[in-house]
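Atoms considered below: every heavy atom in the structure, side chains included; atoms not considered: hydrogens, waters and symmetry mates.
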Amino acid sequence: MSSAAAPGSGASVSGRLCFTLSALILTITGINGTVQVSTTPVVEAEIGKPINIPCVPEISTPNTMKYIQWFVMEKNSRSRIYFQDGGSRIVDNETDYTGRINVDEKYTLTIDHVKLGDERTFLCQVGAGPAGSGEATTELKVYDAPGMPEITPNDATISIMEKGPSKIATCLTRNGYPAPNITWYKDRTPLQPSTKINNKMYMISQATQEPSGLHTIASTLYYAPEKKDKDSKFYCEVSYRMAPGVDKTKESNRISIPLSYPTENVEILFQPSVLKETDNMTIECRSDGSSNVDYTFYRVLDGKTEEIFNSADNIFEFKEMQRMDSGVYGCRVLDFEVPDKNFDTNKTIIINYLDPIALKPQGPYIFKAGDKNKTIHCSAEGSQQTSVIWKKHKKTISPENELQLPVVTFGDSGTYTCEVTAQNIPSLYQQKTISIIVKGPPEINCMEKKFHKNGLYVNLTCIFKGNPAPKVTCSSGKKALTIRNHQQNNYTVVVSELILPLVVEVLKVTCNGTNKHGSKTHNFTVERGEVAVSTKTPTTGKSHDRSSNGMLIIIIVVCIIVLAFLGAILYFLYKKGKIPCGRSGKQSITRTGAHDDIVVEVKNDQKVPEETVLLQGVNGEKKPPSDQ
C-alpha cells in the first residue's frame, strides 16, 4: 500500500507546488490581467440573407497573445464552429456552418444564407493567456415573410332571415416564420377577434407547420350579417415581423357578401318624367329587397277596374302614348320571403298634348294697300299653358297671339309664321305659315342725279310699288324712251332707270306706272346747270370724268390772254428804256402760242434753278389746242 500511496502523494505535492509557483510568479511579475467579452444579446435576421454577429473583447493587457473561438449552443452543450489563434484560422469541418461562415479582424462572425435552423444561441470566447478568458452569447432570431393572404368567399347567398352566424370567407397565408397573425376587417374597421362560438361573430383559426419548418395559417370568419351589410367590403390582414425588428402587414382582396333580404319598400319610376303624345313611356318598379320577387304592372280603369300588363322583369314599356292614355299606373311586388305582406305603389300619369294651330280669320290673306286694322289671331289648345309668337323672315315681329296691321302697306306683303309652344314642355311645339298679299295701284318714288361720263348726263330713277306689277313707260314729249326695269319682292317692286345726256335746253321726261288698280305718273324737269366733278356714276362704277374740263379750259384761255398782254407791255417798256436791266441778270418771256400751254422761263447769271410751270387738264392730262 505504501508503494501505491507514494505516487499519489507525490502527485498531490507536485500539483500544490505548481500552483504555488504560478501564483508566486504572477505576484513577482505584477501580472493580474482580466478578459471581458461583449456582444449583442439578440440579433434578428431574414432567412436567405447574411447576418453579422459582433464579438468585442476588452483585455487589460492589450499586448497579450489572444485566441478566439465561436460556438453554437445545443441544449446544455456547445459545439465549436470556428477557432483562431494568432495567424491560424480554422473553420471546423462537418458542422452546419462549414462553408457558410467567416470571421473578420474584429472577430465579427458573418453567416451567409441564414436558414431556419440558425435560430439558436451563438457563443464567442476570447482567451488572453495568463490574463484568462471571457465569453458572451447572442440569441439569433430568424424571420421569413409569409405569402400574400388568399381570401376564399362563401359563394352561397346568405339570408339575413337566418338565425346565427354564417360562414363568410376563409383567409389563408403560407410559409411565414414565426407564425403570422390574421385580423378580419369590415369596411376598414377591424373585427374583434373571438374564438368562442356565439350568435353574432367568431373566427376559427388553424396553424400548420410545413416540412420546411415554416408556418401556414388559416382563419375562417363566421358572421351574422344585417341588411346594412349589403354594400360592405370584407377582407383579412396578415401581420408579421421582419428584421431588424420591423412589423409589417399584407392585405387580401376585398369581397362582398351575397346577401338576401326581404322587401320593405317599393318605388315606381317613369321615363321620361314629362310625357307628351307619341312618346314611349317606360315604367320601372324598384324593390329594396334582394330576394326573388314577382312584378305585376297595372292601369286603373274607371277608378276601379285594373288592366294588367305582364312582364318578365321589373320594367315595362308603352309605345306611342296618346292623351287618352292618361291615368293611374302602378306595380305590385310579391316577395316569397314575406308572402303574407303586399307591396303596391301607383302614380297618376298625364300625357301632355298640343292641338294644331287655329287661325282667325282662316284666310286667304289678300288685302288692299291702305286697309286699316287688319288682325290675324293664332292659337292652339293644349294640356299646358302656351306662348305664341309671330315671325317674318325668322325675325320676331309680335310676341303675342295677334298679328296686327294698323295700316296695310305693300311692305306688309310676305310670309309669316305663327309658333305656339307649351311653356313647361319646349318640345311640345306647333307652327303654321301663311302668306299675306297686298294689292293696289302703284306707288312711286323718283330721284334724279347728274354726273359726268365724257359729257354731262342725268340718271332718272323711279321705284314703283304695286300689285299686280306695274307696267312702266317713260317719254319725252311724244317720244318713247328706252328704260331699264327690274323687279323686286313678292308684292312687286319695279325699279326703272333712265340715263340721258344733258343738253342746253330744259329736259322734260314723264314716267308712268300702271296696273289694273290704277296708275301713277311722275314728271321730270331737268336743267343743265353746273355739276361738280365726280369720278363715280350710279350705273357704270368708277371712271375718270374728262368732260369736267369745259369750264376750266375757259378760265385757262382768259389767263393766257392776260399773261400775253402783260408780256407785251413789259417788252415795250424795256425797249423804250423805261425798265433798266442791270448786270445781275436777264429776263425773258416767251409765248409759244395763243392756245398752247403757257411756259414761263426765268434765267439769270447766278444760275437760279429753272422753273417751268405747265398748266394741264384737271385730270392730269395735257390737252391739245383743239380740246381747249
Side-chain angles (χ1 to χ4, degrees), residues 364-372 374 392-393 405-415 435-551:
Y365 305 101
I366 301 175
F367 304 134
K368 291 183 179 180
D371 286 350
K372 296 182 179 180
K374 294 296 181 180
K392 183 180 182 182
H393 305 308
L405 304 177
V407 179
V408 177
T409 66
F410 287 115
D412 294 325
S413 296
T415 300
S435 293
I436 294 180
I437 299 173
V438 179
K439 295 186 176 182
E443 296 177 358
I444 189 170
N445 182 21
C446 295
M447 64 196 77
E448 62 182 64
K449 187 174 183 180
K450 300 173 185 176
F451 66 95
H452 284 282
K453 182 185 177 184
N454 297 326
L456 192 59
Y457 289 84
V458 65
N459 183 318
L460 305 178
T461 302
C462 286
I463 300 175
F464 290 87
K465 297 180 180 179
N467 191 4
K471 182 179 180 181
V472 180
T473 59
C474 291
S475 61
S476 180
K478 296 182 179 181
K479 181 181 178 182
L481 301 176
T482 301
I483 59 177
R484 182 169 61 183
N485 292 333
H486 63 275
Q487 294 184 351
Q488 297 177 353
N489 300 336
N490 57 353
Y491 57 81
T492 310
V493 174
V494 179
V495 179
S496 300
E497 192 175 35
L498 177 64
I499 298 177
L500 298 173
L502 276 176
V503 294
V504 178
E505 299 83 4
V506 175
L507 180 63
K508 292 185 177 182
V509 176
T510 299
C511 289
N512 176 266
T514 303
N515 64 13
K516 68 179 183 179
H517 298 291
S519 64
K520 199 75 171 182
T521 301
H522 182 81
N523 296 315
F524 291 98
T525 301
V526 183
E527 297 182 1
R528 183 178 179 89
E530 294 183 0
V531 181
V533 178
S534 174
T535 60
K536 298 181 180 179
T537 70
T539 57
T540 59
K542 296 182 179 180
S543 65
H544 292 288
D545 190 2
R546 298 179 182 178
S547 61
S548 62
N549 294 335
M551 294 299 298

Worksheet item: Is any side-chain heavy atom of Ile463 closer than 4.5 Å to a side-chain heavy atom of Val494?
Response: no
Worksheet item: If you look at every heavy atom in Phe451 and Ile499, which pair is closest and at what distance?
Response: CZ-CG2, 3.8 Å
Worksheet item: Do Thr473 and Asn512 pass the side chain to side chain donor-acceptor pair (under 3.5 Å) test, and can you show the C-alpha distance, the side-chain angles, and the key distance before you say yes or no?
Response: CA-CA 5 Å; Thr473 59; Asn512 176 266; 4.7 Å; no
Fill in: Any donor-acceptor pair under 3.5 Å from Lys392 side chain to Ser413 backbone
yes
Worksheet item: Going from OH on Tyr457 to CG on Leu500, what distance comes out if it is rounded to the nearest 0.5 angstrom?
Response: 10.0 Å
Practice prompt. Identify, with sequence neighbours excluded, every residue that meets side chain to side chain donor-acceptor pair (under 3.5 Å) alongside Asn445.
Written response: none
Practice prompt. Tell me, with the steps shown, if Leu507 and Val458 meet side chain to side chain contact (heavy atoms under 4.5 Å, CB included).
Written response: CA-CA 10 Å; Leu507 180 63; Val458 65; 4.1 Å; yes
Discussion item. Main chain of Met447, side chain of Thr461: is a donor-acceptor contact present, judged purely on distance under 3.5 Å?
Written reply: no
Practice prompt. Please report the closest heavy-atom contact between Pro442 and Asn515, naming both atoms and the distance.
Written response: CD-OD1, 3.5 Å
Worksheet item: Say you draw a straight line from CG of Leu460 to CD of Glu448; how long is it, rounded to the nearest 0.5 Å?
Response: 6.5 Å
Fill in: Considering all heavy atoms, the nearest Cys511-Ile444 contact
O-CD1, 4.5 Å
Item to complete: Go through the structure and list residues passing side-chain contact (heavy atoms from CB on, under 4.5 Å) with Lys374, not counting sequence neighbours.
Response: Phe367, Asp371, Leu405, Val408
Practice prompt. Under the ring-ring contact (aromatic ring centres under 6.0 Å, His included) rule, collect the residues that match up with Phe524, sequence neighbours excluded.
Written response: His522
Worksheet item: What residues, two or more places apart in sequence or in another chain, satisfy side-chain contact (heavy atoms from CB on, under 4.5 Å) together with Lys516?
Response: Pro468
Fill in: 4.5 Å side-chain heavy-atom contact, Phe464 and Glu443
no
Worksheet item: Sub-3.5 Å donor-acceptor pair from the side chain of Ser476 to the main-chain atoms of Lys508, do we have one?
Response: yes
Worksheet item: Is the closest side-chain heavy-atom distance between Val509 and Val526 below 4.5 Å?
Response: no
Worksheet entry | Nearest-0.5 Å distance, CZ of residue Arg484 to CD of residue Glu497 | 4.5 Å
Discussion item. For the NE2 atom of His517 and the CG atom of Asn467, what is their distance to the nearest 0.5 Å?
Written reply: 6.5 Å
Discussion item. Do Val472 and Ser496 have side chains that approach each other closer than 4.5 Å (heavy atoms only, starting at C-beta)?
Written reply: yes
Worksheet item: Is the SG-SG separation for the cysteine pair Cys462 and Cys446 below 2.5 Å?
Response: yes
Worksheet item: How long is the gap from CG on Leu498 to CD1 on Ile483, to the nearest 0.5 Å?
Response: 7.0 Å
Fill in: side-chain contact (heavy atoms from CB on, under 4.5 Å) partners for Thr409, two or more places apart
Asp412
Worksheet item: Taking only residues two or more places apart in sequence or in another chain, which ones pass side-chain contact (heavy atoms from CB on, under 4.5 Å) with Thr510?
Response: Ser475, Thr521, Asn523
